[in-house]
Amino acid sequence: MSATPQYGFTTTILHSDRQKEIEHGSIHKPVHTSVMYGYSDARDLAAVFQNKQSGYRYGRQGNPTVSALEEKISKMEDGQASIAFATGMAAIGAVFQALLRQGDHLVSSSFLFGNTNSLWQTISAQGVDVSMVDATDVDHVAAVLTPATRMVFVETIANPRTQIADLKRIGDLCREKGILFVVDNTMTSPYLFRPKTVGAGLVINSLTKSIAGHGNVLGGVLTDTGLYDWATYPNIAANFRKQSVRMQGLAQLRAKALRDFGASLSPEAAHQIAVGAETMALRMERECANALALAKMLDADPRVAVVHYPGLPSHPQHALASDLFRAYGALFSFELKPEIDCFDYLNRLQLAINATHLGDTRTLVIPVAHTIFFEMGAERRAEMGIADSLIRVSVGIEDTQDLLEDFSRALDPV
Ligand SMILES: *Cc1c(COP(=O)(O)O)cnc(C)c1O
C-alpha cells in the first residue's frame, strides 16, 4: 500500500476491494456461501488449525466476503484490523465476553444506547463492577477509576439527548493510566469522526445504521486501532500471548467472543453492507445538512420548547463538536411546548415515519420515553435527561424543503 496515493474517504471505500485482486473480474467482492473450506493437502489444513498458515476453516470464524468488509471498515477507521458480527450489540457484547472478568471494573458513560444500558445490568449481575458517570467531563471519569478499572466505554454523541463525551481528555486520561478506551462510534460514523484521533484502542460501529444505511440489513463491527498496548492488558490468556503483541486483543476477541458465542455476520449481509457503505459519505453529508436545517427551523419556532442538536450554538458541547467532527450528525431531539401533544404532532407528520432505528435514508421519528427508553424506567430516564414529551428525529436524505414543510406544517393544529 505504500506506493498508493492518499485517496479521500469515498474513493478508498469504492476501490479498496479491488486493490489486491479481482476474482474473475468481479467488481463487487463475491458472496462466498461455503461454510467449510477444503484443502488438497491435509497438512495445510492442520497448519491452518495450528495458526502456522493463514486460511479459512469454518464459516462461523471467518469468510472471505466478511473479511473484505472487515478490511473496508479498518480503512474507514484507520485501524489495524476489524472483526464483524451479526449485529452492533453482538460487537459490544464481545468486548465483555472476551475481555472482562469477574471483579474487573468498567467505567461507562451514563448517556447510553438503551440496550447497552441493559447489557451493563447483565454484566454487573455476572460480577463486573460498572460505574456510570456523566462522561461529558473527564473529571467524573477520573474520580471513579480504581486499580481494577480495565476499560472506559463511551459513545460519541449520545442518543437521544446528543450529549458529547469529553473524548479527547478521556483519551488522554486512559493513555496516561494504561486503560483501554472503547468508543462506540455509531452515532458519528467513521465519516464524521475517527475515535483513533482521540486515543481509542477499540472502536465499535453498528453497521446497521449509517454504514449500511438503508434499513435492510443488520451488522456490527469492532476495530482495533493499534494504539493500545495489549502486553499490559491483564486478561489475555496464555494461548493468545503467543501471537504478536499487536494482534493479541483481536485474536482473543475472535476466538472467545465471535467463535465461541457465534454471532457471526452472514456473507450475504456483508455484501449488502459493503454496497451500502459505498455511498455513506454522500448520505451523511445530506443527512447532516438536513438535520441542521430542521434543528434551526424548530429552534426558532415559539411552539417548540427546546431542541437538542450539537450543530446549534446553544448546545453545551457545540465547540467540542465543531472541533472534533466533520459535521454535527443526523440525529436530534426536541420537545414541543406543553400545548401540543407529542403523539398528535407525530401523527400529523406525513413524510417522517414513526419507527425506531437511525442513520437511515428515510427520516424516522419516535417518542423515546414511551418506546425505546420505556423499559429502563422514569428514574433512569430522568438521569439521562429524557422528558416524556421528547421526540427523537433520525434525519434522512429527503429533499430539504420537503422535510422543513412536513415538520412545520405539523406544528399547526388541524
Ligand atoms: C443501534 C446502536 C447499537 C446496536 O446496534 P445493532 O446493530 O442494532 O445491534 C449500538 N450502539 C449505538 C449507539 C446504536 O445506535
Side-chain angles (χ1 to χ4, degrees), residues 66 69-70 73 77 82-97 106 108-123 132 135 153-165 167 182-193 195 200 202-223 257-258 261-266 269-270 272-274 276-277 280 284 287 291 308 310 325 329-333 355-361 364-366 368 371-373 375-376 384 386 392-396:
V66 175
L69 177 67
E70 289 170 343
I73 306 293
E77 287 288 6
S82 301
I83 306 176
F85 293 86
T87 65
M89 283 318 298
I92 297 173
V95 175
F96 157 63
Q97 288 153 352
L106 164 72
S108 166
S109 167
S110 57
F111 308 130
L112 276 183
F113 180 63
N115 301 156
T116 306
N117 182 74
S118 168
L119 179 63
W120 290 171
Q121 292 169 353
T122 306
I123 77 171
M132 305 268 236
F153 178 99
V154 302
E155 295 175 7
T156 50
I157 305 176
N159 153 27
R161 275 288 312 276
T162 73
Q163 299 96 334
I164 298 171
L167 292 157
V182 183
V183 176
D184 181 339
N185 196 29
T186 303
M187 288 284 290
T188 22
S189 89
Y191 180 63
L192 298 189
F193 177 59
L202 286 177
V203 180
I204 294 159
N205 279 284
S206 165
L207 297 166
T208 318
K209 310 289 173 57
S210 305
I211 294 179
H214 298 74
N216 59 355
V217 62
L218 292 159
V221 68
L222 259 177
T223 302
L258 182 72
F261 282 85
S264 313
L265 186 70
S266 78
Q272 261 178 293
I273 294 163
M280 176 173 65
M284 291 296 284
E287 288 168 13
H308 307 287
F325 308 148
L331 185 135
F332 71 92
S333 56
T356 188
H357 186 43
L358 53 91
D360 199 67
T361 48
L364 310 173
V365 287
I366 190 160
V368 283
T371 54
I372 47 177
F373 289 91
E375 180 186 310
M376 65 172 53
M384 293 176 71
I386 302 172
R392 185 186 81 180
V393 187
S394 169
V395 183

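Both counts, for ligands and for their atoms, begin at 1 and track the order of listing. Just so we're clear, the structure is a prediction, and the values are computed from it rather than from any experiment.
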Handout entry: Side-chain donor/acceptor of Asn159 to backbone N/O of Phe113, under 3.5 Å
Key =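 Pair absent, no side-chain N/O of Asn159 close to backbone of Phe113.
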
Handout entry: Residue Thr87 vicinity, atoms of ligand 1 by number, heavy atom under 4.0 Å
Key =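 Those qualifying, in numeric order: 7 (O), 9 (O).
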
Handout entry: From Leu218 atom CG to His357 atom NE2, the distance as rounded to the nearest 0.5 Å
Key =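 Reported value, rounded in 0.5 Å steps: 8.5 Å.
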
Practice task
Mark the output for Ala90 as yes if a heavy-atom distance to ligand 1 is under 4.0 Å, and as no if none is.
Solution key: no

Practice task
Look only at interatomic distance and state if Thr208 has a nitrogen or oxygen under 3.5 Å from any nitrogen or oxygen of ligand 1.
Solution key: yes

Handout entry: Ring centre gap for Phe96 and Trp120 strictly below 6.0 Å
Key = no

Practice task
Write down the atom of Ala355, the atom of Ile366, and the distance for their closest heavy-atom approach.
Solution key: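 Nearest heavy atoms, Ala355 then Ile366: O-CB, 3.9 Å.
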
Practice task
Please test Thr188 against Asn185 for side chain to side chain donor-acceptor pair (under 3.5 Å), starting from the C-alpha separation and ending with a verdict.
Solution key: CA-CA 6 Å; Thr188 22; Asn185 196 29; 2.6 Å; yes

Exercise for the section: Number the atoms of ligand 1 from 1 as they appear, then name those within less than 4.0 Å of a heavy atom of Asp184, with their elements. Expected result: 10 (C), 11 (N), 12 (C), 13 (C)

Handout entry: Under 3.5 Å: N/O of Thr116 near N/O of ligand 1
Key =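 There is no such contact.
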
Exercise for the section: Check whether any N or O atom of Ile92, backbone or side chain, sits under 3.5 Å from an N or O atom of ligand 1, and answer yes or no. Expected result: no

Problem - Heavy-atom donor-acceptor pair, Glu70 side chain to Ala84 backbone, under 3.5 Å - result: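 The answer is yes, because a donor-acceptor pair under 3.5 Å joins these two groups.
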
Practice task
Please determine if Met89 has a nitrogen or oxygen closer than 3.5 Å to a nitrogen or oxygen of ligand 1.
Solution key: yes

Practice task
Look at atom 6 (P) of ligand 1 and say which protein heavy atom is nearest, naming residue and atom and giving the distance to 0.1 Å.
Solution key: Gly88 N, 3.4 Å

Practice task
Starting from atom 4 (C) of ligand 1, find the nearest protein heavy-atom neighbour and note its residue, name and distance.
Solution key: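 Protein heavy atom at minimum distance: Phe113 CE2, 3.5 Å.
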
Completion exercise
When distances are taken from atom 14 (C) of ligand 1, the protein heavy atom at minimum range is Lys209 NZ, 3.0 Å

Handout entry: Test side chain to side chain contact (heavy atoms under 4.5 Å, CB included) applied to Ser82 and Val221, Val203, Asn205, Leu69, the passing residue
Key = Val221

Practice task
Find all atoms of ligand 1 within a distance of less than 4.0 Å from any non-hydrogen atom belonging to Gly219, and give their numbers and elements.
Solution key: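 What qualifies from ligand 1 is 7 (O).
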
Exercise for the section: Consider every N or O of Ser206 and every N or O of ligand 1, then say whether any pair is closer than 3.5 Å. Expected result: yes

Practice task
Please report the C-alpha distance between Glu155 and Ser109 in whole Å, then the side-chain angles of each, then the deciding distance to 0.1 Å, and finally whether the side chain to side chain contact (heavy atoms under 4.5 Å, CB included) criterion is met.
Solution key: CA-CA 7 Å; Glu155 295 175 7; Ser109 167; over 6 Å; no

